[in-house]
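First the structure, in the form of structure tokens, and then the observations on it.
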Amino acid sequence: MLRDSVKFSEVAKKKIVAGNWKMNKTIEEGTALAKAVAAGKFSSRVTVVLCPPFINLQSVQKVIARKKSIRLGAQNLYPEPHGAYTGEVSAEMLGAAGVSYVILGHSERRQYFHESDEFISRKIKAALSKGITPIFCCGEPSEIRHAGKHIAYVENQLHNALFNLTEAEISGVVIAYEPIWAIGTGLTASPQQAQEMHASIRKLLKKRFGATTAKNIPILYGGSCNAGNAAELFTLPDVDGGLIGGASLNAEDFIKIANSF
Ligand code: 13P
């Protein structure tokens with residue numbers, strides 16, 4: 001039933017598949033992985049984004065520099081432009097390094113580094129001010145889903161981090177729905193669960209920013225997305241691609257996922 005409605009709601013906007021390498025790959029290993037991905041063939045409808053650790057940005061950028069379909073992404077930034085923030089990296093620095101996307105609000109950063117929606121909101125604004133596209137992550141833990149409060153939980157995350165943006169600003173944002181219980185667990189959201197949440201996010205965006213803007217904001221799915229289940233998820237009406245963790249560390253799988261539309 002879900003598949004039947006796909007054609008109807010399909011929009012001309014680009015699909016996005018981003019690989020979040022998390023804290024994996026040395027410079028040498030990362031260069032090899034980027035080369036293997038860059039050797040893949042991708043449809044012009046897809047933008048592929050590689051998000052390696054900071055230390056690999058420059059080497060990966062060199063590999064993908066001439067590949068139009070592949071963009072460079074970072075996994076984090078600090079919202080201040082510069083100064084005494086030991087260990088941190090600013091949006092300006094990322095932009096100068098050729099970064100076009102940045103993952104913000106990932107549940108691992110919320111959990112291990114205690115990032116609040118308000119702090120993430122500052123990061124989003126910093127990224128946008130330097131022309132970097134934030135990939136804003138949202139998603140509920142398992143106990144919230146079991147309590148049937150997942151829709152309200154994600155609504156709250158969106159409200160706190162995104163709804164203070166202008167229409168022009170939100171148009172430069174990508175959203176990634178990543179249910180925490182699905183991250184790295186092998187428990188992928190079912191097509192029904194993913195579509196329900198993506199449609200709910202789209203509806204909220206429509207209410208706040210209007211129908212045209214809402215339609216054009218890419219909403220990616222993340223959480224145990226792999227070469228075997230990507231096609232089923234990516235053909236859902238409100239799923240515009242994926243944010244891939246574990247499977248992005250294998251070039252063959254990642255290329256297959258990026259070609260699953
Ligand atoms: P996995 O694909 O390993 O479940 O990770 C998803 C994720 O957290 C991407 O940001």
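Basis for what follows: all heavy atoms, side chains included, without hydrogens, waters or symmetry-related copies. Fair warning: this is a prediction, and the values are worked out from it, not measured in the lab. Whatever order the structure lists ligands and atoms in, that order sets their numbers, starting from 1.
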Check N20 against ligand 1 and report side chain, backbone, both or neither, counting heavy atoms closer than 4.0 Å.
side chain
Check: W181/E140 side-chain N/O donor and acceptor closer than 3.5 Å
yes
Are side-chain N/O atoms of H150 and Q193 paired as donor and acceptor at under 3.5 Å?
no
Heavy-atom contact check, 4.0 Å cutoff: does G184 meet ligand 1?
yes
May I ask you to list the atoms of ligand 1 that are less than 4.0 angstrom from any heavy atom of E178?
6 (C), 7 (C), 8 (O), 9 (C), 10 (O)
Starting from atom 3 (O) of ligand 1, which protein heavy atom do you reach first, and at what distance in Å?
G246 N, 2.8 Å
Taking only heavy atoms of I183 into account, list the atoms of ligand 1 that are under 4.0 Å away from them.
4 (O), 5 (O), 8 (O)
Return the orientation label for the F234 and F261 ring planes: parallel under 30°, perpendicular over 60°, tilted otherwise.
parallel
Identity and separation of the nearest protein heavy atom to atom 2 (O) of ligand 1
G245 N, 2.9 Å
Residues H106 and E178: side-chain donor-acceptor under 3.5 angstrom
yes
Let's go through D238 and K203 carefully: what are the C-alpha distance in whole Å and the side-chain angles of both, what is the deciding distance for salt bridge (Lys or Arg N to Asp or Glu O under 4.0 Å) to 0.1 Å, and is it a yes or a no?
CA-CA 10 Å; D238 287 296; K203 200 168 141 197; over 6 Å; no
Note: ligand 1 atoms sitting under 4.0 Å from heavy atoms of A182 are 4 (O)
What atoms in ligand 1 come closer than 4.0 Å to a heavy atom of L243?
9 (C), 10 (O)
Flag yes if Y78 and V99 sit in one hydrophobic cluster, no otherwise; membership is Ile, Leu, Val, Met, Phe, Trp, Tyr, and two members link when side-chain heavy atoms are under 4.5 Å apart.
no
For atom 5 (O) of ligand 1, what's the nearest protein heavy atom and its distance?
K22 NZ, 3.3 Å
At a 4.0 Å threshold, what atoms of ligand 1 neighbour a non-hydrogen atom of S224?
1 (P), 2 (O), 4 (O)
Can you list the atoms of ligand 1 that are under 4.0 Å from a heavy atom of G223?
4 (O), 6 (C)
